[in-house]
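To start, the structure under review is shown below, and the notes come after it.
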Amino acid sequence: MQKNDFLTQLQKRASEQDMILHGVFFPHVFVFISRYLGESPWRWLIPLSVILTIIFQMLWGWAFDEKILWLFGGL
């Protein structure tokens, strides 16, 4: 494949993808989330797990440890 052919095909696919993104139901939200999660999902998974752990620890206290152990195989 020639360089010019490759570039025109790449531009064509980029424009098709751009048209698809603009046709989505909440395009701005979808574009933000897909780019954010596509780049690095660990950016939100790790803070989310820490926040949820703190919330559940405050709600259930030490029983939270028992629930986690039960969930992953028990004692």
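By convention here, the first residue in the shown sequence is residue 1.
Of the inter-residue distances, the one linking Leu48 atom CG with Trp42 atom CH2 reads 12.0 Å to the nearest 0.5 angstrom. Taking CD of Gln57 as the reference point, atom CH2 of Trp62 lies at 6.0 Å (rounded to 0.5 Å). Distance CZ/Phe64 to OG1/Thr53: 5.0 Å, rounded to 0.5 Å. Taking OG1 from Thr8 and CD from Gln2, the interatomic distance works out to 11.0 Å, rounded to the nearest 0.5 Å.
Each of Val50 and Ile55 belongs to its own hydrophobic cluster when Ile, Leu, Val, Met, Phe, Trp and Tyr are linked at side-chain heavy-atom distances under 4.5 angstrom. In terms of hydrophobic clustering, with Ile, Leu, Val, Met, Phe, Trp and Tyr side chains grouped at heavy-atom distances under 4.5 Å, Ile54 and Ile68 are assigned to different clusters. Residues Ile46 and Leu52 are members of one and the same hydrophobic cluster, defined by side-chain heavy-atom contacts under 4.5 angstrom among Ile, Leu, Val, Met, Phe, Trp and Tyr.
Side-chain contact between Asp5 and Gln9 is absent, with no heavy-atom pair separated by less than 4.5 Å. Using a 4.5 Å heavy-atom cutoff, the side chains of Asp65 and Trp60 are not in contact.
The 12-atom threshold is exceeded at CD of Glu16, counting heavy atoms of other residues, nucleotides or ligands nearer than 6.0 Å.
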